Structure formats: structure tokens, C-alpha cells
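None of these values were measured; they are calculated from a predicted model.
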Amino acid sequence: MTTLTHSSDTLTRDALAVLQPGFQGTTAPDWLLRRIGEGLTSVGLFGRNITSPAQLAALTAQLRAERDDVLVAIDEEGGDVTRLEVRDGSSFPGNYALGSVDDVDLTRAVARELGGRLAACGVNLNWAPSADVNSDVNNPVIGVRSFGADPALVSRHTAAYVEGLQSAGVAACTKHFPGHGDTAVDSHHALPRIDVDFDTLHARELAPFRSAIAAGSKSVMSAHILLSALDPNRPATLSPQIVTGLLREELGFDGLIVTDGIEMQAIASTYGIERGSVLAIAAGVDAICVGGGLADEGTVLRLRDALVDAVREGELPEERLADAAARVRALADWTLRVRGASGPGAAVQEGTAPGIGSTGTGSDIGLVAARRALRVTGTIEPLQEAPYVGSFAPVANIAVGDETPWGVAAELTALLPGTETGTYGGENTAAEVLAAAGERRIVAVVRDIHRHPWMAAVLDGILAARPDTAVVEMGVNHAEPTGSPHIATYGAARVCGRAAAEALTGRGA
């Protein structure tokens, strides 16, 4: 039995401090406010909690009335993964589009603008950017969330993103350490395994995290993946060798280490969330992200009590829990100081790029970036009449979700009223699409067509009958271009659809 040097109240406060829970609703429930008063230092927000910037600002003000330095976290990557604009689609293209442009100043400016919008709503911790090198083109969960497949490109854009975000006063949380790009399994559903040698991991997976640390990333998020070359027994989130040995000691990261969602099946189905949380803190993690799926008071109390019991039973050193809680509070203190500072450049801190100001594009920087990312193969004969848009929809991964609209139909309708549309899945045929289109010009919108044989087969049938079909690829642009023309948007954000619609009609900037 460990001899406790802290009071029971201090131990409980530390256990609450390391949790980053979610909740239901667009106002803070009483139980959440009560736990903030008892020591809870972080709250995670999801799409279900947000209806508008004004509502979000009111919600964060409600939280800060209980604790002025509360960390309000969100998973706002821009692009396909958006919480601020979950019902409309993002005003910013995602990482894949920015990587395809390969202008680090643009990436920095986009991240600063996004960070400014988060800060204006009272959000001060963003679980972004994704620093994963998407080396497996069939990756089911990363894909367009990555800047690309080249470690050097991903490294420079990860650093620029961190600099831009933190120059707006919002802490970055670089993810998913030590790299989720070479996986064919989604850790939301099962435990992915990467079996590459140590040298490959260092040269490929770890390079962007070194750049993020050099850029001053305030936090890093661990991945629930098994890397046999580093630890053949435990996933990264629960591995002392990876969290403490590699990230803390070898790479020299001194900021906050956060888990990916602890209720993801890679952890929940193998260890359970209570034991998983204890093992994560013991391994060197500082904060437990939970709430994407389990967003209730009971979950918070279960994890709090599991940590307290682990200390009392000698399984988790009291000093390790206290150190984790201290790191959470240190980041909360940084965000409070940044928010309280005044004058030009007040949000700039060590490791960020000073002097990032107006880009001359204002709040349209996301659309500017989406237009620059567009790649057209073939010649565009601008649409003069309202077309038929056939959208081929794969099942969305959990990180992206299926509540956010995507495609080009809405944007084409705005430019060409009368545009008709249909959504198709694996059970549909080319004949059905052709019949629905009638005499209208067809715009076929696909997403990661190289990963979906049914999608490629239907598209082949459409092109055989209607070779003038325009094809818009809104996922990873890996398959050979087909269609007349073929337009790659490098992501499915709303602004990517807008840029494609402009190109198809010859309208816009």
C-alpha cells in the first residue's frame, strides 16, 4: 500500500484534473459545472454541442464562470473533420488540400484564421493537427486528414499549422503519436498494428512530430496503435517505452500528452476504459480524452474513481498522477495568460512564428486555399445548364461522421438553379444513375474511389454510356483520372465543393 502524502481531496482533484470529458447538449449540465468546481480542468466539445458561434461563445462563458482557466478542447481539423461547422461543412480545406498546394505560408495563415475563430468562441485547445504520414493509400481513417505521404512535406506543414494555430492563442495538440498513417485498421473499431522496422519509424512516422515539437506544440495526442518495433505488447497510449521513453525522453517533449478517445474500441474492447486510463497515466500520459461516445457523469466518476483507487492500491504512483495534473494546469495557465494579454502579437509564444498578420484575403482564406488546391485533368467545357449530380457515398469513418454535408450539388445549385442530385451506394448500378440523369450532363462525385471497387464499377458504366461525364474526386486522389474533365479537390470540405463548382461553371474568382 502506497503511503499517501496528499489528502483524499487533493487526490480526487488530481484525478478529475487529468480528464477531458464531453457532455450532451448545447449548455453545460449541472453535473459538469459541479465537477469543474471540484477540480475538473478540461472539457471536450463535439458537434452535438454546437449550433452557432454565438451559442458556442455563451457555452464557453458558462464554463469559465465556474473556472476561469478551464481548458475547452475541440476536434476542429478543418476539412472533413469539423465541429464548428458540423451541419454546413467547413470553411477551410483540410490537410491534404494544404499539402497538395505545399505553401507553408498558406498553411500557417489558414491555421491562424481557424485558431482566431476558435479563440473568439472561447475555445483554447484544438485536438489538431494530424501529423500522420499517410503512407498507406488504403488507410480507412486518416486519408485526407493527412498533409500527404511524404514525411518532409508533412513535417513542414505540421510545423506551420502549429505555429499558425498557437499564434492565435489556441494550443495545438499534434496527433496521432507516433503515427497512424500506415494502418489498414481504424482504431475506433479495433487495434491497428504497424510492423515496420525501427529505422523506418524514425525516418517516416516520427519526423513530423519532431517538427511539431520544434515548433512549440503545446500538446501531443497519443494513438491507440501497436508498433511492434517499439513495444510488442501494449498500444502506444499505454506504453511507457513509447510515451515516456520515446516522446518525453528521446524526443524531448515537455508539454501535455493527451490520449485519443479512451472509449475507442482499440482500448475499450481490450483493456476497458477504467484500466486503460490507469495504464495510460502510469505510462506517462497526462490527460484522458473521453466523451466522443461516452458523454455522461457516470463515465467521469468511473474514471476518477479508477485513478484514485489505483493510487491507493499502489498500482499508480501518486507522484505520477500529481505530475500529470500539474501539466494540465500548466497548459490551462498558459491559455489564461494568452487570453489576458493585450496588444499586437500578444498570443505569440516561444516556438510560434511572430508577425503573422492579415494575408490580404481576410476570412476567405479557406476558399482561396481550396481554389489553389484544385487539380483539373482534361479540358473543362463550362456547364451552361443545370446538370445531374450523382454522389457516390462510402460509409463515413467515425472521426469524420456522417452528419456533415459534402459534395458539389449545393454549390452547383447556387450557381445553376435547377441542378438535380442523387446519392448512391454499393447496391446501386450505372443504369440507375443514367436513368435518373436523363438528358442532363452528369457530374459524378466520388470519394476515395481507389478504395471502393463498387464505386469504380458504377463510374465505369456511366462513362461508357456518357463519356462527357465530369468526375469530381473529393478524397485521396490516387486512382487514374477519368471523366471529361476530372477534378481533384483533395478533400470534401464545403469550400472544396465551392471551388469545384466554380471550375465546372467557369464562375468565381
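Legend: side-chain hydrogen bond (donor to acceptor under 3.5 Å, both in side chains) pairs involving residues 18-32, not counting sequence neighbours, sorted by first then second residue: Q20-W127.
Exactly one of L226, I225, T200 qualifies for a side chain to side chain contact (heavy atoms under 4.5 Å, CB included) with I194. That residue is I225.
With no hydrogens or angles considered, a side-chain donor-acceptor pair links H157 and D102 at under 3.5 Å.
A donor-acceptor distance shorter than 3.5 angstrom exists from the side chain of E473 to the backbone of I449, with no hydrogens or angles considered. A donor-acceptor pair is defined here as one N or O able to donate and one able to accept, closer than 3.5 Å; no such pair exists between the side chain of E66 and the backbone of I36. Here the side chain of Q166 pairs a donor or acceptor atom with the backbone of A172 at under 3.5 angstrom. In terms of modelled atom types and a separation under 3.5 Å, the side chain of R87 and the main chain of I50 share a donor-acceptor contact. Side-chain atoms of R64 come within 3.5 Å of backbone N or O of G122 as a donor-acceptor pair.
Remark: E297 engages R34 in a salt bridge, criterion side-chain N to carboxylate O under 4.0 Å. The pair R327-D323 meets the salt-bridge criterion, since a charged nitrogen lies less than 4.0 angstrom from a carboxylate oxygen. Using a cut-off of 4.0 Å between Lys/Arg side-chain N and Asp/Glu carboxylate O, D286 and R320 are scored as salt-bridged.
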Evaluate the criterion side chain to side chain donor-acceptor pair (under 3.5 Å) for residue pair T12 and E38; output intermediate values, then yes/no.
CA-CA 8 Å; T12 300; E38 294 172 359; over 6 Å; no
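Annotation: side chain of L118 is in contact with side chain of L114 (closest heavy-atom distance under 4.5 Å).
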